[in-house]
Student: 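One structure is given below, represented as structure tokens, and several questions about it will come after.
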Amino acid sequence: MEKILELKHVAKTFDHRVVHKDVSFHLHRGEILGLLGNSGTGKSVILRSIIGLEVIDSGEILYHGNRIDQLPEKKLFSVRKSISYAFQSGALFDSISVFENVAYPFFEHTKLKEPEIEKKVMEILRIVKMEEAWDKMPSEISGGMQKRVGLARSMALEPEILLYDEPTAGLDPVNVEMVLDVMRVAKARGSSGIFVTHDIPAASKICDRFIIIKDGRVAFEGTWQNMEDSTDPFIQSFLTGSEKV
Amino acid sequence: MISTVKVHLQVIGEITELFWDSLKCMTTKPFYWGRLWEQILELGMGSLSITIVIGFITGLVMTLQFGYGLEKFGGTLYVPAIVSLSIIREMAPIFTSLLIAGRIGSGMSAEIGAMNVTQQVDAIRALGTSPVRVLVVPRVVATVISLPLLTTLSAFMGIIGGYIIAYAEFRMPGGFYFNKVLTTIKFADVFGSMAKCAFFGLMISLLACYRGFQTKEGTLGVGTAATWVVVRTSIVILISDFFLSKLLILMFD
Ligand SMILES: Nc1ncnc2c1ncn2[C@@H]1O[C@H](COP(=O)(O)OP(=O)(O)OP(=O)(O)O)[C@@H](O)[C@H]1O
Ligand SMILES: [Mg+2]
């Protein structure tokens with residue numbers, strides 16, 4: 001299988017806090033990779049490093065075999081059209097409407113005319129079931145809805161890779177299912193994904209493969225079956241511990 | 001001591017870098033005309049009434065003070081010249097700039113600061129666009145355009161206010177007053193005043209945007225940012241005013 005994204009020996013320290021010592025893993029075309037780990041193990045930092053929002057101290061990040069970790073901000077713009085980050089908080093622009101948030105990438109990166117953009121935006125809003133709230137401001141919709149609009153915005157340009165940062169955290173079961181459906185649609189539209197989450201049941205439903213980060217390293221890599229079969233006490237406690245949450 | 005100097009130098013370096021980045025973004029596509037217009041409306045139109053009032057009052061007070069001051073020496077006739085010149089050259093630029101610094105300090109820095117804390121600035125980057133282009137350039141250009149215009153309006157109102165006192169208190173005829181004003185004020189005075197304000201506008205908006213990007217988590221961050229901007233820009237305005245005035249005098253007088 002083709003590796004479209006690969007991290008090799010990535011290390012990152014903030015001031016004096018060592019977050020990653022040596023993180024290596026890869027993403028295959030067409031799969032959704034579950035990225036698990038306790039709170040504060042630096043899962044968000046990994047995703048942010050991939051699109052260059054953080055600069056790693058050492059190691060390499062390869063996209064289709066080309067290093068992207070050393071690129072200047074200007075060159076990163078094109079990477080960010082193909083690798084899209086769905087923020088943990090949604091991070092919607094609060095001064096413009098739901099519709100305008102989702103339309104933003106189209107206006108910035110495509111030459112489409114307004115009626116076409118309108119059609120595309122409404123189509124994506126239907127996928128995340130937010131088409132009725134298109135004219136609302138972000139402050140007028142709930143946190144779960146904001147997350148879905150954030151997802152819609154990051155899906156807009158049909159990126160090759162979607163980085164999901166805890167898209168189901170803090171949602172009720174109905175909303176969780178809705179988000180998982182959105183991720184399935186994104187996958188069907190051709191986006192591979194990295195799914196950062198604490199939500200083990202949700203991850204088990206959608207991920208093809210898993211890695212677990214612990215103490216700045218990849219402590220486990222394999223399928224759901226591998227994980228359930230593992231006799232490693234850490235992995236077992238991780239599965240049972242997190243399932244209770 | 002050395003470490004504080006270091007920190008200050010670092011801040012100056014980062015602001016200079018922000019300035020170069022903005023220049024680069026200004027001279028390349030895309031340019032956000034819509035956002036620029038929004039900012040001009042918010043800043044320019046929003047400050048219009050207060051600028052008019054402040055300019056007018058300044059004219060009243062200055063004429064009152066100079067009028068009675070000069071009357072003792074029989075110099076009432078010099079009031080129009082002195083009042084209009086000091087208003088155009090110093091009073092209007094400084095008062096308007098300090099006023100705008102106050103507005104922008106709490107406006108722009110808080111706005112960008114809040115966006116930074118809620119990861120909206122990161123989102124702009126993550127969506128393959130530049131926060132400098134999207135947020136800084138429209139604000140800087142809008143301030144550099146609006147401030148000189150507001151100042152000129154303020155000076156105009158000041159001269160009107162001056163006339164009202166000159167007539168009411170000293171019975172100075174309008175023809176004489178305005179004739180004196182028009183023969184005293186040279187193009188260089190208006191140009192110099194606007195040029196100074198363009199520079200102040202650049203400093204105010206750059207510092208405010210810079211501080212916004214520095215804002216960290218917590219409500220304290222946004223509040224202290226406003227204070228930081230108002231204090232720094234006021235100092236920068238007053239100090240650079242001295243040197244710019246000297247420069248303008250060398251150039252035109
Ligand atoms: N900009 C930063 N400056 C300093 N420290 C940071 C910064 N960003 C992250 N960290 C630190 O890095 C560590 C990892 O943070 P990160 O947000 O990646 O954790 P996480 O695994 O995503 O946790 P969670 O599951 O709670 O979201 C944290 O201890 C955090 O304090
Ligand atoms: Mg996180």
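Sequence lines set the chain letters: A, B, ... in the order given, protein chains first and strands last, and positions in each chain run from 1.
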Student: Exactly one of B:Leu127, B:Thr129, B:Ile124 should register a side chain to side chain contact (heavy atoms under 4.5 Å, CB included) with A:Glu108. Which one does?
Tutor: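 Single pass found, and it is B:Thr129.
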Student: Specify the closest pair of heavy atoms between A:His109 and B:Gly128, including all atoms of both residues, with the distance to one decimal.
Tutor: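 In this case the closest contact between A:His109 and B:Gly128 is CE1-O, 3.2 Å.
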Student: Any idea which of A:Leu163, A:Leu76, A:Leu92 has the most non-hydrogen atom pairs under 4.5 angstrom with chain B?
Tutor: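 Most heavy-atom pairs under 4.5 Å with chain B: A:Leu92.
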Student: Can you tell me how far the CG atom of A:Leu53 sits from the CZ atom of B:Arg125, to the nearest 0.5 Å?
Tutor: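 Nearest 0.5 Å value for the CG-CZ distance: 5.0 Å.
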Student: If you count heavy-atom pairs under 4.5 Å with chain B, which of A:Gln88, A:Lys74, A:Arg48 comes out on top?
Tutor: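 Answer, by heavy-atom pair count under 4.5 Å with chain B: A:Arg48.
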Student: With a 3.5 Å cut-off and no angle check, do the side chains of A:Ser89 and B:Gln119 form a donor-acceptor pair?
Tutor: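 Yes.
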Student: Measuring heavy-atom distances to chain B, does A:Ile51 have an atom under 4.5 Å in its side chain, in its backbone, in both, or in neither?
Tutor: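 Side chain only.
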Student: Determine the option with the most heavy-atom pairs under 4.5 angstrom with chain A, choosing from B:Asp122, B:Thr118, B:Val134.
Tutor: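 Counting heavy-atom pairs under 4.5 Å, the top option is B:Asp122.
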Student: Looking at A:Lys43, I want to see if its NZ is surrounded by more than 12 non-hydrogen atoms of other residues, nucleotides or ligands under 6.0 Å.
Tutor: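 Yes, the 6.0 Å shell around NZ holds more than 12 heavy atoms from other groups.
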Student: Can you list every side chain to side chain donor-acceptor pair (under 3.5 Å) pair that touches residues 125-148 of chain A, not counting sequence neighbours?
Tutor: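 Of all non-adjacent pairs touching residues 125-148 of chain A, those that pass side chain to side chain donor-acceptor pair (under 3.5 Å) are A:Arg148-A:Asn175.
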Student: Around atom CZ of B:Phe156, are there more than 12 heavy atoms of other residues, nucleotides or ligands at under 6.0 Å?
Tutor: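 No, CZ of B:Phe156 has 12 or fewer neighbouring heavy atoms, counting only those of other groups under 6.0 Å.
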Student: Kindly give the heavy-atom pair with the smallest separation between B:Ala126 and A:Phe87, and that separation in Å.
Tutor: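 Where B:Ala126 meets A:Phe87 most closely, the heavy atoms are CB-CE1, 3.8 Å.
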Student: Where does A:Leu157 contact chain B at under 4.5 Å (heavy atoms): side chain, backbone, both or neither?
Tutor: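 Looking at A:Leu157, nothing touches chain B.
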Student: Given heavy-atom pairs under 4.5 angstrom as the criterion, report whether the side chain, backbone, both or neither of A:Phe93 touches chain B.
Tutor: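 Its backbone and side chain both get close to chain B.
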Student: Check whether more than 12 heavy atoms from other residues, nucleotides or ligands sit under 6.0 Å from atom CZ of A:Phe14, and answer yes or no.
Tutor: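 Buried by this count: over 12 neighbours within 6.0 Å.
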Student: Which heavy atom of A:Ala91 sits nearest to which heavy atom of B:Ala123, and what is that distance?
Tutor: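 What the structure gives for the nearest pair is O-CB, 3.7 Å.
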